[in-house]
Amino acid sequence: MPKISFKDSLRRLLLLHTFLPIFLLFVLFLVFTLLNSRYLLVTQTRNAGKAIRASLEQVYEAYHEEMASMAELAEVLEFAETGGGGPAVFQRFYTFNNRQSVKSILYVLGPDGGVLASSANYRSEESDAALTAIARRMQGQGLAALVETNHIRFSHDRFTVYTFAHRIGSSNGYLVYQLAEEDFQKLFFVQNNEIAFITDRYRTVIATTNNVVRGLMNKYSQAGGSGGYAEIDGGRYYSSKIEVAGPQWTIYTLSAVSWNRNAYLSLGLFFTMASVILWFLIQYTARLFANRQTRAIDKLVFAVRELQSGNMQSYVSIGTGDELEALGNQYNIMLSRLNELMDKNEKLSDLRRVIEVKHLQSQFHPHFIFNVLEMLRYAIVVDNRLAQDIVLTLSRHLRYSISNDGELVLLGTDLSYIGGYMRLQQMRFKNRLQYTEEVEEAAKDALVPRLMLQAVIENSIKYGYKNREEVHIAVTGYVQEDDLIIQVKDDGGGMSPGRLLEVQAIMTSPDNQAEHIGLHNLHRRLTLLYGEGYGIRMESVAGEGTVVTFVLPYRREEGHV
């Protein structure tokens, strides 16, 4: 994976922390607008229905009460029996009718349904036949009152759409109020509403602001769609339905959705264009900001690279007046002290042995970590439990390898961490790698350099699989007189005599120039710690395996019995 410069990281961070919040704000505003538009659409449609219901309930209650009251008046009874008192009857009707938002026509019918009087100056055969049918139905069914939907034409192409009828006295005739369609429709013209209409309990349309809702036989048959939406005549509407309990009316209010869709598209287009423009503007600003803020860092990076190439005078001058200037000053101080230490190091030859031992001890083979991380990368995908085990074992091993508790540890302790290391390797090689350990208890109490065996076992694993499918590694240890003997044996491919001599020469060379430094560093470290008579020895036979023998002085902790 390519490295990302600090300048690019700073630029991307600025883009992320400026554009993303603004973009999220745009999205939230868009979502809020959509939800608010939906809320307004639903609320306005329902409020329109509530306003219409309140008006219709007043109309129904007024006519229902007036019809029952007027049917019992003495003047009405007298008019139905003798025809007298007509002016008082109609004066009462006109006074009531003028107060109503929905006007009506009054008919006084005889017992047989004949029209005795009417407030209309014009009647038709259709209206007379309808009135006669109402009277006969009430007489035949013994009804004292009747309310129903009927669409009747009277003068000047005007229509009545609803009828209130009540029996006069015991059987002296009938009072009939027929409500005008035009006045019904006026109640439906409510602000922020597209279509409104009312139906009776049989879904017959009583009155409407738009005849598109009228179906066969003047019925409303449109079923509500999902989420309260309805499709009518190719248009999509939000539909609200409210019931009026008394007359069993149903009020429908519908608001068109098409204008909302166009508004959403326009708003979305605006946000898209604004986001694109904002993206380019922030990118330009972020690039300028990153260039300005990283000039001092570029100077520091250049100075460090010069130092890496051997230029010990690669001082840096930064005058930004901020933390970077302080960092540059600290770098210059560090470089000065480094030069001083290098001068002193040349004079302190008696410390060279200690410095070399520390240097050799700090070498750590990177292939092991690389291989474990590669294994971890695949384990994360296929086996979470295995990945967790790998991480825990690796962290324990690395913590042990960099511990500052002391250079020397008990062999038993070191072997336990070597066991963890081998478990990691066995996770990698599965059944192709076997590991056994046979070490005397007395040998486990010996003090040895930390992770002394790891470099040899790494080589056994690295080179043991040449011409081999499986490798068995065995560690044995015992005490022989005053010496500790430890052997690491594998049954891998081994080495030819010539290669064995070459490796032995690399191990014993005081100044190794070869690229293979693991065994040389290990042998050199042991020699510096214990003297020339100690270190590692190697034997190998091609096709049979390799044996590496450690010879160390047998030392135990003070006070150990």
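Here the structure is a predicted model, which means the values were calculated and not measured.
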Residue pair Thr149 / Ile206: nearest heavy atoms and the distance that separates them: OG1-CG1, 3.4 Å

Looking at every heavy atom in both Ser104 and Ser119, which two are closest together, and how far apart are they? O-OG, 4.4 Å

Does the Arg201 side chain pair with the main chain of Gln248, one donor and one acceptor, at a distance under 3.5 Å? no

Do Thr209 side-chain atoms and Ala196 backbone N/O form a donor-acceptor pair below 3.5 Å?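 A pair under 3.5 Å: yes.
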
Between Arg137 and Glu148, does any side-chain N to carboxylate O distance fall below 4.0 Å? yes

Going by atom types alone, do Thr45 and Ser240 pair a side-chain donor with an acceptor below 3.5 Å?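 No, because no side-chain N or O of Thr45 sits under 3.5 Å from a partner of the opposite role on Ser240.
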
Does the side-chain hydrogen bond (donor to acceptor under 3.5 Å, both in side chains) test come out yes or no for Tyr238 and Arg46, once each step is laid out? CA-CA 10 Å; Tyr238 177 79; Arg46 291 178 178 176; 3.1 Å; yes

Sub-4.5 Å side-chain heavy-atom contact between Tyr435 and Gln425: no

Close side-chain approach of Gln426 to Arg432, heavy-atom, < 4.5 Å: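 Not touching, per the 4.5 Å side-chain cut-off.
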
Just wondering, more than 12 heavy atoms not from [X] lying within 6.0 Å of its [atom1]?
| X | atom1 | value |
| --- | --- | --- |
| Phe270 | CZ | no |
| Arg136 | CZ | no |
| His64 | NE2 | no |

